[in-house]
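Here is the structure we will look at, set down as C-alpha cells.
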Amino acid sequence: MNITGKETITLTTKTSQISLVVLASGHVALGYFGEKLPAADLSYVLSDISRASYLANTDGVADFKLEQLPLLYPAFGNPDMRTPAHQESYPDGSRLADFRYHQHTFTTEKEAVKGLPFAQHQEQKVLKLILKDPVTKNQLLIQLTAYPEYNVFTQSVTFCNNQTEPITLQSLMSLNLDFLTDRFDLLTLSGAWGRENHLERRRIHQGTQGIDSKRGASGHGQNPFIALVAPETTEDQGKVIAANLLYSGNFIGEVTVDMHQNSRLQLGLNPFEFSWQLAAGEKFHTPEAVFLTSEAGLNEMSQRFHRFYQDCVIRSDYRYRPRPVLINNWEATYFDFDRMKLSAMIDSASQLGMELFVLDDGWFGQRNDDTSSLGDWFPNEKKIGGPLSSLVEEVHDKGLDFGLWVEPEMVSKDSQLYRQHPEWVVQVPNRTPQLVRNQYVLDLSNPAVQEYLIATLSRLFHSAKINYVKWDMNRNITDSYSPTLPPERQQEFSHRYILGLYRILDKITSSFPDILFESCAGGGGRCDGGMLYYMPQTWISDDTDAIARLDIQAGTSLIYPPVSMGCHVSAVPNHQVGRVTSLATRALIAQQGNFGYELDLLALTLEEKKIVKAQIRQYKKDRETLQFGRQTRLAVYDSKNETAWQKENTQTGELIVTHATILAKPNTVPKRLKLKGLKPANCYRYEDTLRSGQELMQIGLPLPKPTEDFYVTKWTLKKVEDIDRC
C-alpha cells in the first residue's frame, strides 16, 4: 500500500509493548501490540500490506486504503467502512468526522477519569495522545497508561467539543484494537442469575460477535470482559489479548472480522439507547478499559489481572487486609427472625470461631416480606428488640464484628419514602411504571435522590459501629426516563444513573473507610471492576451450591482476584438446586474466596458444629494463602468431571492445592495432579512426605480414589528451608 510512516510512538511495560504509527496523512494506526520488541520504527508493518480490491482510496491517494489499516481510533464517514470507535452528530445534521494526529506527550501524571473509576499506581507511564478534526476543531484525548510491573495497560478517551454549538455523541468506545488476522478464539463470561460468569470459547468468523448489556447494569448474562486467544492457547501457553471495562452499566464488547480476515475488537459504552449532548466547551469521558497481552496462556493473564486489580484498582484499605469469616442469617431465617433468634445465632457464631455477624434483609421499616419498606432505612426496633446500636453492642460483646444488608437504589410502593416522593421513581410520564419484585428503581440520575441517599445512609452508618455493609441491587432498570432531563436528553439516562451511583458510592465509602463494603446485584449482576473500585469484594452469585459454584468461581476468578469473591457454605439440600453435598466439600470450595456461612447454626448437630469449628480454625491458618496467594489453574485428566487449582503464598512459599471430582466412577484408577510454576530446586513437605518443586511439577501429587460424588481433596505443602535434597 502507499503508506508513509511519519513517527512511531511506543509505550512499554516490563515485557509488553504497544506501538502506534503516525502516518504522513495524520492518521494513527496500531502498529504492534505484543511482547516487547527491540525495533523502533514499525511503519513497515503497514506499508507491507498488499492492496485489496473494491476499497476506497483515502485523500485521493492511489492505493492508500484506510479500511485495510489497523487504526487506533477510527471515525465515521471516512473510507474506513468498518464500525467506527466513535460517532457524533453535528448541528447541520452531518456525522462525518476526521480526527488526525495533533500532538502527544509522555508523563507520569495521570488525569482522573471524571466521575468514573480508574486505575492508579505510583509507577506508571502515561501517553496523552490528542487527535484533532481540522474542520470542527474538536479534539479526542486518548489517555493510554502502561503499568510496567504489572504488564497491563489502560485506556480512556475524552471528547472535547471546541465548537460554539452543541453536538450529540452517539457512540464513544473506550478501546479499539485492530489486528491484521482473524486467527483467534473469542473468550467471554456468560450465564444468568444463579450461573454467572461461565467461560465460553468459540472461533471467530466473518461478521460481528460478542457480548453486551442493555439492563442498566453490567448484568448476570454477560460480564464486561472480552479476550482473543490463538486457537492453540492453553492455560500455560499461547497468545492472549484480553480487555475488561471498569464500568457497571450498559456496555458492549465485540469483535468484527472484515472481508480480508482482519479483526477489530471494541469495548465500551453500549450505543444502544445512548446519546449525549455535549455543549460548547464541554468534555465527555469514557469509562476506562483495562487490557493486556501475554504469550504464556490464560493462567498468566489471570495472575496479571489479579495483581493489577488488587494493587491499582481497588482503593479500599481492605484490599490488603484478611477478610473475616462471616455468618449471614439470610438462608437461616429469611424475614422470620426476632431478637431472641438473632441472639442465639450470635452466641453460636461466637462459639464456633466466626468473626462477623451479618444481619440481612428484614431489619428495617415494616419489612416482614418483600412487599414493603425498601427506602425506609430506619430500624424496626420491635423486631430487632431495641435500637440498632443495642444489637450491635451485643454482637461486639461476643467478640464479633457487625454487618448490615441494604438495598439503597430501590424503593417499595408500600413505603414512607414512596409516599413522600413518588416522583423519585424511574418512570415514564402518563404510563404505569413496572413493579418488579414489588419494587421500583430510584432515579439516581436525579441529584436530589443522590443527596437523600448520601444523607440517609450516612446517618444510618453513624448510628452504630457497623463494620461491614452488603450493598444489594435486586432488579434491572425498566421505564428508563428521568423528569430531570429534557426530552432530547433522555438517552443520557442510563449513563447518568451509573454516574449518580458512583457519586453516592464515592461519598459513602470515602466517609466510612473502616467499613468493609461488599457489592451485590441479585448475586453477580454487577460483578465488574467498576464496583470493585469502590467495594473490595462482590457477592458473585446467589447460587450457593458448591458444585454449581465451581464454574461460577472459576469464571469470576479468570479476571477478578479470589479475595474479591464472596463464597459461603449453605444448607443442604441446597436452596437453589436441591443438591446434597458434604460439609467438607462445601467448605473447601467456599474457601477459595471470602469464606463464610449462610445456614442455620441453630439447626446444626453437635457433630456438625465440631466440623464447622475445625473448618474455621484451619481456615484462619490458611487464610493468607487462600485469599491472597497466586492462583494457578491445574490440568486434570477429565476436564468435564474434575477441576483443580493451587494457591501459592509468594511470601512464605506455602502451597494449598485443591482438587474436585464431580461424579465418582466405578473401577477407575486416579491419575496424578501436576503442580505448576514452582522453582524446581525448592523443597516442600506435605503430611510426612518431602518433594522437590521439580518432582511436583513433573510427577505430581497422587490423587485419592473418590468414595462418593462431589469429592474434594486439599493438600497443604510447606516450603522447607535448609534441606539439600528432598
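Comment: Asp347 engages Lys398 in a salt bridge, judged by a side-chain N to carboxylate O separation of less than 4.0 angstrom. Here Lys714 pairs with Asp622 in a salt bridge; the nearest charged N to carboxylate O distance falls below 4.0 Å. The existence of a salt bridge linking Glu196 and Arg526 is excluded, since no basic side-chain nitrogen approaches an acidic carboxylate oxygen closer than 4.0 Å. By the 4.0 Å N-to-carboxylate-O rule, Arg437 lies too far from Asp370 to be salt-bridged with it. Ion pairing of Arg586 with Asp545 is absent here, as no side-chain N (NZ or NE/NH1/NH2) approaches a carboxylate O to less than 4.0 Å. Taking a cutoff of 4.0 Å between a charged side-chain nitrogen and a carboxylate oxygen, Asp212 and Lys214 qualify as a salt bridge.
More than 12 non-hydrogen atoms from other residues, nucleotides or ligands lie less than 6.0 angstrom from CZ of Arg419. Around the NZ atom of Lys609, the shell of radius 6.0 Å holds more than 12 heavy atoms that belong to other residues, nucleotides or ligands. More than 12 heavy atoms of other residues, nucleotides or ligands shown are found within 6.0 angstrom of CZ on Arg367. Other residues, nucleotides and ligands place no more than 12 heavy atoms under 6.0 Å from the NZ atom of Lys507. Shown here is Lys465, whose NZ atom has no more than 12 heavy atoms of other residues, nucleotides or ligands within 6.0 Å.
No donor-acceptor pair under 3.5 Å is formed between the side chain of Asn649 and the backbone N or O of Gly629. Distance alone, capped at 3.5 Å, places no donor-acceptor pair between the Thr585 side chain and the Ser582 backbone. Looking at Trp363, its side chain does come within 3.5 Å of a backbone N or O of Trp405 through a donor-acceptor pair. Between the side chain of Arg503 and the backbone N or O of Gln450, no donor-acceptor pair lies under 3.5 Å. A donor-acceptor contact shorter than 3.5 Å links the side chain of His220 to the backbone of Ala521. Using a distance-only test at 3.5 Å, with no hydrogens or angles considered, no donor-acceptor pair links the side chain of Glu407 to the main chain of Asp361. Distance alone, capped at 3.5 Å, places no donor-acceptor pair between the Ser412 side chain and the Asp414 backbone. At least one donor-acceptor pair under 3.5 Å links the side chain of Thr333 to the backbone N or O of Asn329. Looking at Asp479, its side chain does come within 3.5 Å of a backbone N or O of Gln434 through a donor-acceptor pair. Without hydrogens or angle criteria, Ser213 side chain to Ala217 main chain gives a donor-acceptor distance under 3.5 Å.
Among all heavy-atom pairs drawn from Asp401 and His396, the shortest one is CA-CD2, 4.0 Å. In terms of heavy atoms, Ser348 sits closest to Leu601 at OG-CB, 3.5 Å. For the residue pair Leu583 and Gln615, the shortest heavy atom distance occurs at O-NE2, 3.1 Å.
For residues 373-388, every residue pair satisfying the side chain to side chain donor-acceptor pair (under 3.5 Å) rule, not counting sequence neighbours, is listed here: Asn368-Lys383.
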Exercise for review: For the pair Glu518 and Tyr468, evaluate side chain to side chain donor-acceptor pair (under 3.5 Å) and give the outcome as yes or no after the intermediate values.
Suggested key: CA-CA 8 Å; Glu518 178 172 287; Tyr468 162 102; 3.2 Å; yes
Review point. Side chain to side chain donor-acceptor pair (under 3.5 Å) between Asn197 and Thr556: does it pass, once the steps are laid out?
Key: CA-CA 6 Å; Asn197 288 341; Thr556 304; 3.0 Å; yes
Exercise for review: Could you give me the CA-CA distance, side-chain angles and deciding distance for Ser190 and Gln222, then say whether side chain to side chain donor-acceptor pair (under 3.5 Å) is met?
Suggested key: CA-CA 5 Å; Ser190 304; Gln222 311 282 5; 2.8 Å; yes
Check your understanding: Do Lys470 and Asp360 pass the side chain to side chain contact (heavy atoms under 4.5 Å, CB included) test, and can you show the C-alpha distance, the side-chain angles, and the key distance before you say yes or no?
Key -> CA-CA 8 Å; Lys470 181 178 180 182; Asp360 211 282; 3.8 Å; yes
Practice item. Show your reasoning for whether side chain to side chain donor-acceptor pair (under 3.5 Å) applies to Ser557 and Gln631. Key: CA-CA 9 Å; Ser557 66; Gln631 177 176 288; 3.1 Å; yes
**Study point:** Trace of the side chain to side chain contact (heavy atoms under 4.5 Å, CB included) decision for Arg623 with Val325
**Key:** CA-CA 10 Å; Arg623 174 161 41 194; Val325 179; 4.1 Å; yes
Review point. Going through the checks in order, is the side chain to side chain contact (heavy atoms under 4.5 Å, CB included) test met by Trp715 and Gln646?
Key: CA-CA 9 Å; Trp715 296 263; Gln646 72 183 40; over 6 Å; no
Exercise for review: Verify side chain to side chain contact (heavy atoms under 4.5 Å, CB included) between Trp424 and Tyr440, making sure each step is shown before the conclusion.
Suggested key: CA-CA 10 Å; Trp424 282 0; Tyr440 298 122; over 6 Å; no
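Among Met531, His495, Glu288, the single residue meeting the side-chain contact (heavy atoms from CB on, under 4.5 Å) criterion with Tyr247 is His495.
Side chains of Glu624 and Gln651: a donor-acceptor N/O pair is absent below 3.5 angstrom, by distance only. With no hydrogens or angles considered, no side-chain donor-acceptor pair links Ser218 and Ser248 at under 3.5 Å. A side-chain N or O of Arg323 and one of Gln537 form a donor-acceptor pair less than 3.5 Å apart. No side-chain donor from either of Tyr497 and Ser482 sits under 3.5 Å from a side-chain acceptor of the other. For Tyr533 and Gln120, the side-chain atoms include no donor-acceptor pair closer than 3.5 Å. Counted by atom type alone, Gln576 and Thr544 present one or more donor-acceptor pairs between their side chains at under 3.5 Å. If you check the side chains of Asn438 and Thr371, you find no donor sitting under 3.5 Å from an acceptor.
Using a 30° and 60° split on the angle between ring planes, Tyr334 and Trp330 fall in the perpendicular class, above 60°. Relative orientation of the Phe512 and Phe461 rings is perpendicular, given thresholds of 30° and 60° on the angle between their planes.
Aromatic rings of Tyr534 and Phe517 (six-membered ring for Trp) have centroids beyond the 6.0 Å cut-off, not under it. Checked against a 6.0 Å centroid threshold, the rings of Phe595 and Tyr597 count as neighbours.
Counting heavy atoms from C-beta outward, Pro408 and Ile508 have side chains that stay 4.5 Å or more apart. Inter-residue side-chain proximity for Phe364 and Val406 is flagged as unmet; no heavy-atom pair is nearer than 4.5 Å. Thr509 places a side-chain heavy atom less than 4.5 Å from the side chain of Arg315. In this structure, the side chains of Leu460 and Phe378 stay at 4.5 Å or more apart for every pair of heavy atoms. Put simply, the side chain of Phe225 reaches to within 4.5 Å of the side chain of Phe305, judged on heavy atoms.
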